[in-house]
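Chain naming here is simple, since letters A, B, ... match the order of the sequence lines and numbering starts at 1 in each. Just so you know, these numbers come straight off a predicted model, no measurement behind them.
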2 protein chains.
Amino acid sequence: MDYLDLKVKFLKGFADRTRLEILESIMDAEKTVLQIVSEIHGNQSNISQHLACLKGCGIVTARQEGKFIYYSLHDEQVKRLLTMFDTVLGDVEQQVASCDKNDQCLCGKSELKCLIKRRIISP
Amino acid sequence: MDYLDLKVKFLKGFADRTRLEILESIMDAEKTVLQIVSEIHGNQSNISQHLACLKGCGIVTARQEGKFIYYSLHDEQVKRLLTMFDTVLGDVEQQVASCDKNDQCLCGKSELKCLIKRRIISP
DNA sequence: TCCATATATTAGTATTGACTAATGTGTTTG
DNA sequence: CAAACACATTAGTCAATACTAATATATGGA
């Protein structure tokens, strides 16, 4: 694993809907797994796996207290980064939203418009 | 597609080795597709697809001039974000590098240690 | 010690995404 | 207009990843 691989892994940590929901949930205060599970949709197993992922990506840290494990953002820098995502996305949101022009890319291939374009289903 | 989906898509745009290589390549100056292709490994088709992806994610923009198309970062904010990735990664690099503890997560399941853990191959 | 609670792990499946090779489109130049 | 060039698109394949359900581990308390 070279530096670029580490960077990819770190960034992939953020690039998932469930994980972003988790991060939003613990943005301002540490939470236990069950607290997170109840705040966002998801089941316990799934959330646990995503938390392990976030930890492995250096995005969150865990702190045990009795039978509870509290998760929080790794540090202030990570929080700043999360904030910056929104800032920058503000600039480009329109472009990203016009997904029609790049159906094939990161839109989820079972998205309706993508299925149409790929002629799996008809309009 | 709600706001969170847009954010996920935007972030996924960064979360790939080839795309990061492209971004590094055009970080300081716009480049044509062929220039990018020759600077990093990759073949033309592959790079073209990644460029379409980056464009769709609002990360780069394209400018046509004759038969050439010049790609560059979408704006200064995106450049700042790319810089910030390195800054924050500096803090957490050690944690990310110790991939052993989270084999299953974003390490690539055909990585040697992952294959061992999953008992596909033996140590 | 036995049970309940909190969380992690495993295994299996389905989806998503990256890559290659081949072909298509548009632009310039002879 | 035809050939060459620059780039985009398509289709197909394989690998990576997210999810569910079931099971395992660990902690605290009756």
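- Among the protein residues, B:Y70 comes within range of no part of the nucleic acid, since none of its heavy atoms lies under 4.0 Å from any strand.
- Judged by distance alone with a 3.5 Å cut-off, a donor-acceptor contact links the side chain of B:Q49 to the base of C:dT20.
- Atom CG of B:D5 and atom P of C:dT16 are 12 Å apart (whole Å).
- The neighbour count for B:Q94 CD, taken as heavy atoms of other residues, nucleotides or ligands under 6.0 Å away, does not exceed 12.
- Rounded to whole angstrom, the span from the CG atom of B:N46 across to the P atom of D:dG12 amounts to 19 Å.
- Whole-Å rounding puts the A:D16 CG to D:dA16 C1' distance at 13 Å.
- To the nearest 0.5 Å, atom OH of residue B:Y3 and atom CZ of residue B:F10 are 9.0 Å apart.
- Computed from coordinates, the B:I47 CD1 to C:dA18 C1' distance equals 11 Å when rounded to whole Å.
- Not one side-chain nitrogen or oxygen of B:H50 sits closer than 4.0 Å to the OP1 or OP2 atom of C:dG17.
- Note that NZ of B:K9 is 14.5 Å distant from CZ of A:R17, once rounded to the nearest 0.5 Å.
- In this structure, CG of A:L106 is placed 17 Å from P of D:dA16, rounded to the nearest angstrom.
- For D:dA6, the base has no donor-acceptor partner in the side chain of B:Q44 [N/O atoms by modelled type, under 3.5 angstrom].
- For A:K12, counting side-chain heavy atoms from C-beta on, the closest listed nucleotide (C:dG17, C:dA8, D:dT17) is D:dT17.
- A donor and an acceptor atom never sit less than 3.5 Å apart when one is taken from the side chain of A:Q64 and the other from the base of C:dT7.
- When the side-chain nitrogen and oxygen atoms of B:S45 are compared with OP1 and OP2 of C:dC19, none of them lie within a distance under 4.0 Å.
- Between the side chain of B:S48 and the base of D:dT9, no donor-acceptor pair under 3.5 Å is found.
- For the pair B:K67 NZ and C:dT28 P, the computed distance is 8 Å after rounding to whole Å.
- Rounding to the nearest 0.5 angstrom, the gap separating the CD1 atom in A:I47 from the OG1 atom in A:T18 is 6.0 Å.
- Checked options A:E21, A:E39, A:E24; the residue passing with A:K31 is A:E39 (criterion: salt bridge (charged side-chain N to carboxylate O under 4.0 Å, His left out)).
- A residue-by-residue look at A:N43 and A:G66 shows that A:N43 has its nearest nucleotide of DNA chain D further toward the 5' end.
- Side-chain atoms of B:Y71 lie closest to D:dA8 of the nucleotides D:dG28, C:dA18, D:dA8.
- Closest to the side chain of B:L34, from the set C:dT5, D:dA6, D:dT17, is D:dA6.
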Start with the C-alpha gap between B:I26 and B:L73, add the side-chain angles, then the distance that decides, and say whether side chain to side chain contact (heavy atoms under 4.5 Å, CB included) holds.
CA-CA 7 Å; B:I26 63 173; B:L73 297 187; 4.0 Å; yes

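- Distance CD1 (A:I36) to C1' (C:dA8): 14 Å, rounded to an integer number of Å.
- Rounded to an integer number of Å, the gap from CG of A:L54 to P of D:dT17 is 14 Å.
- If you check every strand for non-hydrogen atoms under 4.0 Å, A:R17 touches nothing.
- The B:I69 side chain lies nearest to D:dA8 when the options are D:dA8, C:dT16, C:dT5.
- Counting distance only, with no hydrogens placed and no angle test, the side-chain atoms of A:T32 and the base atoms of C:dT7 include no donor-acceptor pair under 3.5 Å.
- Here C:dT7 is the nucleotide among D:dA6, C:dT7, C:dC19 with the atom lying nearest to any side-chain atom of A:F68.
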